[in-house]
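What you see below is based on every heavy atom in this structure, not just the backbone, and it leaves out hydrogens, waters and symmetry mates.
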Amino acid sequence: MTAADSQWMARALRLAEQGLYTTSPNPRVGCVLVREGRVIGEGWHVRAGEPHAEVHALRAAGAAARGATAYVTLEPCSHHGRTPPCADALIAAGVTRVVVAMQDPNPLVAGQGLNKLRGAGIAVECGLMEAAARELNIGFIARMTRGMPWVRSKIAASLDGRTALANGVSKWITGEAARRDVQEWRARSCAVLTGSGTVRADDPRLDVREIATARQPLRVVLDSGLHIAPQARILQGGRTLVYTAVPDVTRHQALQADNVEVMLLPGARGRVDLAAALQDLARRGINEVLVEAGRTLNGALLEAGLVDELVLYLAPKLLGDAARGLVELGVLTQLQQGTDLQWRDVRQVGDDLRIIATMTKGK
């Protein structure tokens, strides 16, 4: 492959990013059609049920697509879903070469689209800028390959790792720029997850504000004892799902509404089964989950090996030993028992430092 191929694939990836907030549960995909060194059509997938990126690009190109090269960030689909197969559309349009960033992890596709194109005599190359394509659809890949969403935990803390004062006060540790950045993470997430303790202490809405988006994430509350009040703000407006370990149907019905669902998922020690909750979210088409919770739930998720990525905002201030820590992980007796992380990105956001790190154990 050539430098020009990389140039056009980079353009396709930028197009795919335009669906960052809207495509769920589908992947984010971009397509660029090039003929004789000139773009003749391009497009991206906007939302589920609407045409895929390849169809938008082919419509823009019209008859000029014959003999062109298609650059697609994800393997063209080969099955009939809500829309016809994109591989068939590329074949019918007379495209002679297809360059794909990565194979589709969906078992309904998983190489079949590439084989169909090759069977039609089209030159196919796969793997160009694959790392960038995988990052763009990290949640979709997780859901397709392991039946779990990608779980990203957001934590705001002081430089000495404190998330609240001893009395629970935590607004605001980080600055306005960091809080705006969190809105971006919410907007791209399919669900925002929190615990009943955070709901009682802060009464958050956990919706997307300040960013124009037609899709609000599903709000998920883990409430083992079903202590959430019916008037809690997180139950108002958009869709909310409450997981509980309490089998009291009357208490469930007191919270149920057109926009609120209560689901029983009991686990050990009277708690919600965390893994089962995430598996259920995956079955609902949830690709990315943003956890915005306190140290107890964050610790439980980490101990269970259910967190994939940390987004940690560190403010340039010290709160001291009496303030509350990042996570509850129990007492460790050896350094090897600690949770190992791999730095992915470190940058300044306003006055604060943002660190993105992934887990290196059990992944």
Side-chain angles (χ1 to χ4, degrees), residues 1-17 19 23 25-46 48-138 140-146 287:
M1 284 182 272
T2 67
D5 289 331
S6 297
Q7 172 191 342
W8 300 126
M9 185 60 78
R11 181 164 178 162
L13 286 164
R14 289 194 298 271
L15 287 168
E17 288 176 0
T23 63
N26 287 359
R28 299 136 183 164
V29 184
C31 177
V32 176
L33 291 172
V34 177
R35 184 175 177 182
E36 298 177 355
R38 183 175 63 88
V39 174
I40 57 172
E42 60 186 19
W44 68 93
H45 183 47
V46 179
E50 296 185 6
H52 290 184
E54 298 93 325
V55 173
H56 284 300
L58 289 170
R59 286 176 178 174
R66 184 163 299 278
T69 295
Y71 296 88
V72 193
T73 60
L74 186 69
E75 175 184 1
C77 61
S78 56
H79 68 292
H80 281 269
R82 298 190 193 181
T83 57
C86 291
D88 290 354
L90 290 168
I91 293 168
V95 169
T96 56
R97 180 174 178 241
V98 177
V99 181
V100 178
M102 65 170 286
Q103 182 174 301
D104 194 330
N106 186 343
L108 294 175
V109 183
Q112 296 180 52
L114 301 180
N115 290 336
K116 179 175 281 192
L117 293 170
R118 291 187 177 110
I122 296 174
V124 177
E125 296 169 82
C126 185
L128 179 62
M129 305 183 76
E130 181 173 354
R134 294 184 69 86
E135 183 66 26
L136 188 62
N137 284 307
I138 197 165
F140 178 76
I141 295 168
R143 181 166 66 88
M144 287 294 153
T145 58
R146 69 187 193 194
N287 294 330

**Q** Which atoms form the tightest heavy-atom contact between Ala60 and Gly41, and what is the distance?
**A**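 Closest approach of Ala60 to Gly41, heavy atoms only: CB-CA, 3.9 Å.
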**Q** Would you compute the distance between atom CG of Asp104 and atom CG of Leu74 and round it to the nearest 0.5 angstrom?
**A**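 One finds 4.5 Å between CG of Asp104 and CG of Leu74.
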**Q** What I'd like to find out is whether the side chain of Leu128 reaches to under 4.5 Å of the side chain of Ser6, using heavy atoms alone.
**A**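 In short, these two side chains touch, coming nearer than 4.5 Å.
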**Q** For a 4.5 angstrom cut-off between non-hydrogen side-chain atoms, does Arg59 reach Pro51?
**A**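 Sidechains of Pro51 and Arg59: in contact.
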**Q** Any non-hydrogen side-chain atom of Tyr71 less than 4.5 Å from a side-chain atom of Leu13?
**A**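 The answer is no, as the side chains (C-beta and beyond) never meet within the 4.5 Å cut-off.
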**Q** Quick one: side chain to side chain contact (heavy atoms under 4.5 Å, CB included) partners of Gln7, sequence neighbours excluded?
**A**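 By the side chain to side chain contact (heavy atoms under 4.5 Å, CB included) rule, Gln7 matches no residue at all.
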**Q** Could you pull out all residues at least two apart from Glu17 that satisfy salt bridge (charged side-chain N to carboxylate O under 4.0 Å, His left out)?
**A**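 In terms of salt bridge (charged side-chain N to carboxylate O under 4.0 Å, His left out), with neighbours along the sequence ignored, Glu17 is linked to no residue.
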**Q** Any chance you could measure Ile141, atom CD1, to Arg134, atom CZ, to the nearest 0.5 Å?
**A**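 One finds 4.0 Å between CD1 of Ile141 and CZ of Arg134.
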**Q** Under the side-chain hydrogen bond (donor to acceptor under 3.5 Å, both in side chains) test, which residues partner Glu135, sequence neighbours left out?
**A**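 Listed in chain order: Arg344.
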**Q** So, using side-chain hydrogen bond (donor to acceptor under 3.5 Å, both in side chains) as the criterion, who are the partners of Asn287 when residues are at least two apart?
**A**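 Applying side-chain hydrogen bond (donor to acceptor under 3.5 Å, both in side chains) to Asn287 gives Arg143.
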**Q** Output all residues satisfying salt bridge (charged side-chain N to carboxylate O under 4.0 Å, His left out) with Arg35, sequence neighbours left out; order by chain, then residue number.
**A**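 Arg35 satisfies salt bridge (charged side-chain N to carboxylate O under 4.0 Å, His left out) with no residue once adjacent residues are dropped.
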**Q** So Val29 and His52, do their side chains get closer than 4.5 Å, heavy atoms only?
**A**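 Side-chain contact under 4.5 Å: no.
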**Q** For residues 95-102, please give each side-chain donor-acceptor pair under 3.5 Å, one per line with the distance, not counting sequence neighbours.
**A**
from: Thr96; atom 1: OG1; to: Gly67; atom 2: O; distance (Å): 3.3
from: Arg97; atom 1: NE; to: Glu125; atom 2: OE2; distance (Å): 2.8
from: Arg97; atom 1: NH1; to: Asp5; atom 2: OD1; distance (Å): 3.1
from: Arg97; atom 1: NH2; to: Asp5; atom 2: OD2; distance (Å): 2.9
from: Arg97; atom 1: NH2; to: Glu125; atom 2: OE2; distance (Å): 2.7

**Q** Which heavy-atom pair separates Trp44 from Ala53 by the least distance, and what is that distance?
**A**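 Between these two residues, the closest heavy atoms are CA-CB, 3.7 Å.
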**Q** Applying side chain to side chain contact (heavy atoms under 4.5 Å, CB included), name anything that partners Ala110, two or more places apart in sequence or on another chain.
**A**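 Testing Ala110 for side chain to side chain contact (heavy atoms under 4.5 Å, CB included), a comparison that skips the adjacent residues, returns Gln103.
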**Q** Can you name the residues that form a side chain to side chain contact (heavy atoms under 4.5 Å, CB included) with Ala4, not counting sequence neighbours?
**A**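 Partners of Ala4 by the side chain to side chain contact (heavy atoms under 4.5 Å, CB included) criterion, ordered by chain and then number, come out as Thr2, Trp8.
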**Q** Glu75 and side chain to side chain contact (heavy atoms under 4.5 Å, CB included): which single residue from Asn106, Leu114, Leu117 fits?
**A**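 Among Asn106, Leu114, Leu117, the one that satisfies the side chain to side chain contact (heavy atoms under 4.5 Å, CB included) with Glu75 is Leu114.
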**Q** For Glu42, what residues pass the side-chain hydrogen bond (donor to acceptor under 3.5 Å, both in side chains) criterion, not counting sequence neighbours?
**A**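 Result, side-chain hydrogen bond (donor to acceptor under 3.5 Å, both in side chains) vs Glu42: Arg11.
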**Q** Could you state the interatomic distance from NE2 (His45) to CZ (Arg28), rounded to the nearest 0.5 Å?
**A**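 Spacing of NE2 (His45) from CZ (Arg28) equals 11.0 Å.
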**Q** Taking only residues two or more places apart in sequence or in another chain, which ones pass side chain to side chain contact (heavy atoms under 4.5 Å, CB included) with Ala89?
**A**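 By the side chain to side chain contact (heavy atoms under 4.5 Å, CB included) rule, Ala89 matches Leu58.
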**Q** Any donor-acceptor pair under 3.5 Å linking the side chain of Thr73 with the backbone of Ala133?
**A**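 The answer is no, because no donor-acceptor pair under 3.5 Å joins these two groups.
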**Q** Quick check: closest heavy atoms across Gly49 and Asn26, and the distance to 0.1 Å?
**A**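 Taking every non-hydrogen atom into account, N-ND2, 4.4 Å.
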**Q** Might you point out which heavy atoms bring Ala16 and Leu136 nearest each other, and give the distance in Å?
**A**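 Closest pair (atom of Ala16, atom of Leu136, distance): CB-CD2, 3.4 Å.
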**Q** Which atom names give the shortest non-hydrogen contact between Ala57 and Gly43, and what distance separates them?
**A**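 Ala57 and Gly43 have their closest heavy atoms at CB-N, 4.0 Å.
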**Q** Looking only at heavy atoms, what is the nearest atom pair of Cys31 and Leu15, with distance?
**A**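 Taking every non-hydrogen atom into account, O-CD1, 3.6 Å.
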